[in-house]
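Each remark here refers to the structure printed beneath this line.
Remember, predicted model here, so these are calculated numbers, not experimental data. Below, chain A is the first sequence line, B the second, and so on; all start at residue 1.
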2 protein chains.
Amino acid sequence: MLGTVQKAGEVLDLFTREKPEWGVSEVAKALGIPKSSAHALLSTLALIGLLKRGPDGRYRLGWRILTLSQVLLSSNSWRQEARKAMEEVVARFGETAHLAVLECGRVVYVEKLEGTQAVRVANTGVGVELPAHCSAVGKVLLAYLPWKEVVRIMAERGMPALTANTITTLDELQTELQGVREKGYAYDIEETVPELCCVAAPIRDHTGEVIAAMSLSVPFYRFQQMKSEYRNAILKATQQVSERLGYMGEIPWLKGETQSKVKGHGKG
Amino acid sequence: MLGTVQKAGEVLDLFTREKPEWGVSEVAKALGIPKSSAHALLSTLALIGLLKRGPDGRYRLGWRILTLSQVLLSSNSWRQEARKAMEEVVARFGETAHLAVLECGRVVYVEKLEGTQAVRVANTGVGVELPAHCSAVGKVLLAYLPWKEVVRIMAERGMPALTANTITTLDELQTELQGVREKGYAYDIEETVPELCCVAAPIRDHTGEVIAAMSLSVPFYRFQQMKSEYRNAILKATQQVSERLGYMGEIPWLKGETQSKVKGHGKG
DNA sequence: CATATGATTCCATTATTCTGAACAGCCTTA
DNA sequence: TAAGGCTGTTCAGAATAATGGAATCATATG
């Protein structure tokens with residue numbers, strides 16, 4: 001539906017950190033459309049403020065996007081709830097915490113709290129996209145999707161190996177996601193970035209649907225010793241947030257040894 | 001041109017902090033279009049990730065906007081240059097500094113550094129919109145626009161009085177902007193928020209065009225004593241940034257007593 | 001269980017966008 | 001200095017895609 005708007009979306013997708021400025025001819029070539037069509041798209045997008053036309057006729061993203069981003073961030077109640085929980089975790093361990101969602105098959109970080117460097121908190125990692133098949137948050141978010149959907153996403157985006165540990169086949173991924181569902185959390189042992197490990201767990205809304213994932217990122221050498229502490233902290237934090245969001249159902253990912261440590265926050 | 005995209009822009013404009021969630025019928029009523037048209041717009045915008053469809057069929061802004069925002073912020077060289085200068089000013093006075101641009105006739109804050117509260121640096125004020133006829137940054141940005149353009153903007157947006165000191169007539173505004181151009185900076189003495197004062201000055205790119213304004217915000221009682229120090233600091237900071245951006249022209253706003261204090265950074 | 005509200009689908013009409021070529025500006029080149 | 005190639009921009013006919021009213025489905029409400 002609305003092919004024009006869809007093409008406008010494709011145009012917006014062209015603007016990346018690597019190439020944040022596009023001319024009419026470039027866009028026409030990249031999208032395989034006539035120059036005049038590209039011109040119409042670019043100039044209209046500039047008219048509504050999503051793009052900004054430079055004096056030389058080249059286009060960049062417009063400041064209206066910042067305003068929309070502000071509205072988005074301030075209107076998401078669960079993100080603010082999650083932030084509180086993240087602050088506790090970060091304060092306790094001094095490690096970096098992330099909050100991420102799945103958008104069009106990609107992981108998008110929506111919050112980042114750094115452990116040691118307290119100053120440049122936001123706007124560095126927030127908004128960054130990552131492939132979903134690696135990283136702890138990505139695996140958590142995929143785990144609670146229908147498998148068919150996962151297959152579709154992987155077919156569309158591919159499964160590039162970011163490190164030697166990255167999962168690169170559907171079979172491996174299926175096994176991994178099954179494990180995540182059973183345990184209720186996911187590890188990332190140098191699958192995304194060398195020397196970096198993460199634990200992530202899902203955040204659910206009042207309907208029980210997984211809407212986000214929270215993770216703690218720790219350098220490899222420190223991670224091994226404290227593995228279970230990190231895991232329990234993330235599980236506790238995500239559970240707290242889920243409950244604040246009205247999730248009253250069972251907590252299927254708290255079983256066995258883990259359960260005793262977080263007792264008192266159980267089902268309502 | 002491309003009325004469909006333009007309508008998509010109108011739809012996006014509906015999503016505000018006050019009303020971040022819209023249904024199909026609401027949008028149809030608000031825009032005066034049939035329900036089916038509104039549905040096509042909303043569902044397509046959701047398809048490209050600018051909106052997100054909730055399970056109940058209501059729509060919110062989508063996370064793709066965060067990604068675009070990230071690209072926008074990381075690709076703006078002058079914003080990062082300005083940030084450095086802002087950090088110096090904030091460190092020196094401990095007061096809050098703002099960086100703003102004009103977008104579709106409104107002031108949009110693109111950077112904010114708080115003085116005393118160092119933690120919640122970004123994402124609070126960044127992206128917030130303000131009317132342009134008040135605030136120091138707004139007056140600076142308007143001052144270097146053609147007067148006809150200013151008139152058009154005021155006609156479109158109106159000149160609401162935010163405080164008793166707000167400029168509410170075109171005559172007052174014209175006089176004020178003339179003064180800004182002559183002096184090279186603007187004061188805001190409780191024109192936007194009671195008890196709050198600001199000084200702002202323009203940042204120019206290599207062509208000499210004013211692309212942004214930087215301001216320092218100080219509580220009224222502290223502002224009066226240090227007025228000229230604040231002003232000189234902002235003038236020096238904006239001049240530095242402008243020069244880093246390749247602005248080699250005259251510095252028309254540094255004259256008389258001020259000039260001696262910032263000697264050494266003059267024209268190239 | 002009936003009703004009302006709102007989201008979604010359908011399809012013919014209509015207006016819109018698409019397209020290719022011509023125009024105008026800018027910088028490089030001879 | 002003038003020609004050449006590269007941009008972004010404009011224009012009018014051809015063709016597709018958007019429109020809008022009514023019907024349908026889903027969901028909350030009494």
Residues from residues 3-34 of chain B lying under 4.0 Å of DNA chain D - heavy atoms: B/T4, B/P34
Main-chain N/O of B/E21 paired with B/K19 side-chain donor or acceptor, under 3.5 Å: yes
Heavy-atom neighbours of B/K29 NZ exceed 12 at 6.0 Å: no
Minimum-distance nucleotide (side-chain atoms of A/L2 versus D/dA18, C/dT19, D/dG20): D/dA18
Whole-Å distance separating the OH atom of B/Y59 from the P atom of C/dA7: 8 Å
Donor-acceptor pair, side chain of A/S43 and main chain of A/H39, under 3.5 angstrom: yes
First of A/M1 and A/R58 reached from the 5' end of DNA chain D, by closest nucleotide: A/R58
Whole-Å gap separating P (C/dT16) and CG (A/L41): 17 Å
Integer-rounded Å distance: D/dT7 P and A/L42 CG: 14 Å
Distance-only donor-acceptor test, B/K35 side-chain atoms vs D/dG21 base atoms, 3.5 Å: no
A/R244 atom CZ: more than 12 heavy-atom contacts under 6.0 Å: no
A/H98 ring center near A/Y109 ring center (under 6.0 Å): yes
Under 4.0 angstrom between B/S37 side-chain N/O and D/dG20 OP1 or OP2: yes
Atom-pair distance (NE2 on A/H39; C1' on D/dT10), nearest Å: 8 Å
Point-to-point distance, once rounded to the nearest 0.5 Å, from CG of A/L72 to CG of B/L61: 5.5 Å
